[in-house]
Amino acid sequence: MPTRRWLLTIAVLVFACRCAPVAAPTPAAPAIARTAYVRDGAALIASPDARAALVDRLAHRQLRGVAPYQLSPLLVDAGGRTRLAAWIDEVHRAGGQVIVPVAGIDRVGALARVVAEHPGTWIDGAVTEVEYWNQTDRAGALAELLRLLDALAARGPELAPGRGLRIGAYLGYPTAAEAAELAARLDFVHLDYSVASPRDAWTHVHAKGGPLRDRYAWFAEAGVEVWPIFYATGEVDMAAALGALGLGGVEARFAADLAADPTYGQLAATGFAYFTLEAVPPAAWESR
């Protein structure tokens, strides 16, 4: 028979178990990471409601990264740069990453100034916006892109002090030779998938660029992270499918088609990018 002391100990333990607070469950992360382009970064930063909604998406692991366009109004004076830095810090506190679209070398210097003026702020990555494949002088435009990538690598320590800047490129339809040259400079690529349904994404063959599955493999086999871009708005968009299937549904279809490919099935799906955050149907965020 337990002694009085043991009975008292058991009673204390039972009481402690009943009274101890239960930790809130950590939101489940999606199986694959997500980044969303922001159509107007300056407008989002100026809107408390939009910022709160974004923080909520990040905190609940529905989204990992944001790629904000239209930052120019915030880069022209010290006050704007301070607001931009404060927002970047806000994204980081929520567990997110800031991937800045960069179209020219001048933008690299402007972003470096933001970080220099605000110790403790950093940029996680940069994704280039040079559509060289659409230019008449394709070789010259590609050379411009390579110079921009080299500039980002050179100034990476200024943009992400002590952390390492992740360098990426938005790409449409490179050749295999161009992909090899680019892959040597890249950590990740955002690849264009202008299709209306996820069932058409993996098997799509572009009129000039050829099979998109080959383009995917050129980078994945070179060790570059590949992030398909699905469009919620644009000339050809997936808005209806996103609303009906949810982000998880369209991602699962792409991942399944990749896994079933007899040649490339061993390749991994790193994550997905969405264009744009503002255009993603609200229903798409719901779990499917």
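Just the heavy atoms: all of them, side chains too, but no hydrogens, waters or symmetry mates, feed the values below.
- Within the 4.5 Å cutoff, side-chain heavy atoms of Leu152 are placed close to those of Thr128.
- Remark: side-chain polar atoms of Arg61 are paired, donor with acceptor, to backbone N or O of Leu58 under 3.5 angstrom.
- A pairwise comparison of heavy atoms in Leu71 and Ala42 identifies CD2-N, 4.4 Å as the closest pair.
- Judged by the 6.0 Å distance and 45° axis criteria, Arg57 is positioned over the aromatic ring of Trp285.
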Tyr193 vs Asp200, side-chain hydrogen bond (donor to acceptor under 3.5 Å, both in side chains): CA-CA, chis, key distance, verdict: CA-CA 9 Å; Tyr193 280 85; Asp200 301 324; over 6 Å; no

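- Between His190 and Leu171, every side-chain heavy-atom pair lies at or beyond the 4.5 Å cut-off.
- Separation of the Tyr37 and Tyr69 ring centroids falls under the 6.0 Å cut-off.
- Relative orientation of the Tyr173 and His206 rings is parallel, given thresholds of 30° and 60° on the angle between their planes.
- Classification of the Tyr216-Phe254 ring pair by plane angle, with boundaries at 30° and 60°, yields tilted.
- In this structure, Arg163 contributes its side chain and Asp124 its backbone to no donor-acceptor pair below 3.5 Å.
- A 4.5 Å side-chain heavy-atom check between Val130 and Tyr170 finds every atom pair outside the cut-off.
- Smallest separation of non-hydrogen atoms from Ile123 and Val98: CG2-O, 3.8 Å.
- Here the closest heavy-atom approach between residue Leu245 and residue Pro198 is recorded as CD1-CG, 3.8 Å.
- Looking only at distances, a side-chain donor or acceptor of Asp187 sits under 3.5 Å from a matching main-chain atom of Ile167.
- Taking CG of Asp257 as the reference point, atom CZ of Arg213 lies at 11.0 Å (rounded to 0.5 Å).
- Looking only at distances, no side-chain donor or acceptor of Ser47 sits under 3.5 Å from a matching main-chain atom of Ala43.
- No single ILVMFWY cluster, assembled from side-chain heavy atoms under 4.5 Å apart, contains both Trp122 and Leu75.
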side-chain contact (heavy atoms from CB on, under 4.5 Å) between Leu277 and Leu44, worked out: CA-CA 10 Å; Leu277 178 66; Leu44 183 148; 4.2 Å; yes

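- Side-chain contact between Val127 and Val189 is absent, with no heavy-atom pair separated by less than 4.5 Å.
- Between the side chain of Glu278 and the backbone N or O of Arg39, at least one donor-acceptor pair lies under 3.5 Å.
- Here the CG-CZ distance, from Asp150 to Arg185, works out to 4.5 Å after rounding to the nearest 0.5 Å.
- Other residues, nucleotides and ligands place no more than 12 heavy atoms under 6.0 Å from the CZ atom of Arg199.
- Considering CD of Glu129 and CZ of Arg107, their distance stands at 10.5 Å, rounded to 0.5 Å.
- Between the side chain of Arg253 and the backbone N or O of Ala201, no donor-acceptor pair lies under 3.5 Å.
- Side chain of Glu178 to main chain of Thr175: a donor-acceptor pair is present (N/O by atom type, distance under 3.5 Å, no hydrogens or angles).
- Minimum heavy-atom separation, Ala179 to Pro174: N-CB, 4.3 Å.
- In this structure, CD1 on Ile45 lies 5.0 Å from CG on Leu74, to the nearest 0.5 angstrom.
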Test log, rule side-chain contact (heavy atoms from CB on, under 4.5 Å), inputs Arg166 and Glu225: CA-CA 11 Å; Arg166 289 176 49 75; Glu225 290 185 6; 2.7 Å; yes

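- Across all their heavy atoms, Thr263 and Asp261 have their closest contact at N-OD1, 2.8 Å.
- Across every non-hydrogen atom of Leu186 and Gly168, the tightest pair is CD2-C, 3.7 Å.
- Residues Pro228 and Leu191 fail the side-chain proximity criterion, which asks for heavy atoms closer than 4.5 Å.
- A centroid separation of 6.0 Å or more is found between the aromatic rings of Phe275 and Trp227.
- Contact check for Leu267 versus Val226: no side-chain heavy atoms found under the 4.5 Å cut-off.
- Separation of atoms NE2 (His204) and CZ (Arg215) is listed at 8.5 Å; rounding is to 0.5 Å.
- Within the model, atoms CD of Glu144 and CG of Leu149 stand 10.5 Å from one another, a figure rounded to the nearest 0.5 Å.
- By the rule that hydrophobic residues join a cluster once side-chain heavy atoms approach within less than 4.5 Å of another member, Val38 and Val55 end up as members of separate clusters.
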CA sep, side-chain torsions, deciding dist, call: Tyr231, Asp192, side-chain hydrogen bond (donor to acceptor under 3.5 Å, both in side chains): CA-CA 9 Å; Tyr231 293 84; Asp192 175 271; 2.6 Å; yes

Evaluation steps, side-chain contact (heavy atoms from CB on, under 4.5 Å), between Val195 and Leu212: CA-CA 11 Å; Val195 293; Leu212 299 192; 5.7 Å; no

Test ring-ring contact (aromatic ring centres under 6.0 Å, His included) applied to Phe230 and Phe272, step by step: CA-CA 7 Å; Phe230 290 157; Phe272 292 87; 5.4 Å; yes

Check against side-chain contact (heavy atoms from CB on, under 4.5 Å), Tyr274 and Leu247: CA-CA 9 Å; Tyr274 291 90; Leu247 303 183; 3.6 Å; yes

